[in-house]
Amino acid sequence: MTDEATAAPPGAVKKFMYINRRAPHGGNYAQEGLEVALIGAAFDQEVSLAFIDDGVFQLKTGQDTAAAGLKNFTAAFAALGDYEVKRIYVEAESLARRGLTADDLMPLMYEDEDDDYAEKPLIEIIGKDALADLIERQDVLLNF
Amino acid sequence: MALEINGATYETDEEGYLANLSDWSAELAEAMAAQDGCEMSENHWEVVNFLREYYDEYQIAPAVRVLTKAIGKRLGKDKGNSKYLYELFPYGPAKQACKYAGLPKPTGCV
Amino acid sequence: MLLHTVNKSPFEKNSLDTCLRLSAPGSCILLIEDGVYAALAGGAFAAQLQDGMRARKLYAIDADLQARGLDPAGLIDGVEVIDYRGFVELATRCDQVQSWF
């Protein structure tokens, strides 16, 4: 957790956190947030996503938008690992308030290049105090 | 904008990407390539088909770095590198191949 | 240190609640636009705000209070009422602004 160990050289990679607080299909925020996060990741920045409040519904398994006539943009969450996004934080309190557990969330994975490409879970469920601390330590915060 | 192939008209965006994914056909891909002076070889098709499968699964067109890595995993290291892909698609592998695949412009290309 | 802004009424949206949950101790919270309704002394969020203020500094924008007919005397104790100039000064003292909307 020390900044000295992880901080990038000045002017190089910045820590971007995309904060998502809206449910996936009731408006454009969620889809736009994901698109912007993918763009940030494509530019080799250190990207993490945080899901808070109704944002946790974005990661719910089994979303089928066909009958509603919507594009299921949430399929792209499974590509985040390919984009070298290494952390998706889900706030434990938001999850619990909605009666959800880790089992309700998409089993997103990434390959850890530093560990012989071992597949590792992308989602970390995190308490409010730890998340508040992480928010403090970002270079750029983007809200959706 | 629009694309005219064999008497039929297809709607595209200002950069020539198909507006409707469902308009796509193999003939259309070959016609779009021909307009760029590119003949679709088996190697071109390998990448275009890969992109269509990727889009089907993830609902996005991958950025070039992601495409390169994924091609390497699927088709081997000799194809999963930018030299090979740029030789096939000199206008940029993600952009050009996505166009022929009927996909939107890749997320992360600006 | 972060400056957190809240611009929604807590009676309609959860922005304030989430801000209080996810702002680190020592940070500043600025109520703007409909966010100022949270600070009403007799309101349902007074106790929660006061609890949050034990580790955080709370501000509200005077113009937004005036526009809504709210007298600073009717707000919970400890809220510092600032003008737009004060907002700018506050923002420059903080590393970054996080808006909860």
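Since the structure is predicted, the reported quantities are computational estimates derived from the model, not experimental observations. Letters A, B, ... mirror the listed sequences (proteins, then strands); counts begin at 1.
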What heavy-atom pair brings B/Pro62 and A/Tyr83 nearest, and what distance separates the two atoms? CA-OH, 3.3 Å
How many angstroms lie between CD in B/Gln59 and CZ in A/Phe77, if you round to the nearest 0.5 Å? 13.0 Å
Hits for side-chain contact (heavy atoms from CB on, under 4.5 Å) against B/Leu75, two or more places apart or cross-chain, chain-then-number order -> B/Glu46, B/Ile71, B/Lys79
More than 12 heavy atoms of other groups within 6.0 Å of A/Asn28 CG: no
For the CD atom on B/Glu15, are there more than 12 heavy atoms of other groups (residues, nucleotides or ligands in this structure) within a distance under 6.0 Å? yes
Between A/Asn72, A/Thr74, A/Asp82, which residue shows the highest count of heavy-atom pairs closer than 4.5 Å to chain B?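 Option with the greatest count: A/Asp82.
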Counting a contact as any heavy-atom pair under 4.5 Å apart, which residues of residues 103-122 of chain A contact chain B?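 Checking residues 103-122 of chain A against chain B gives A/Glu111, A/Glu113.
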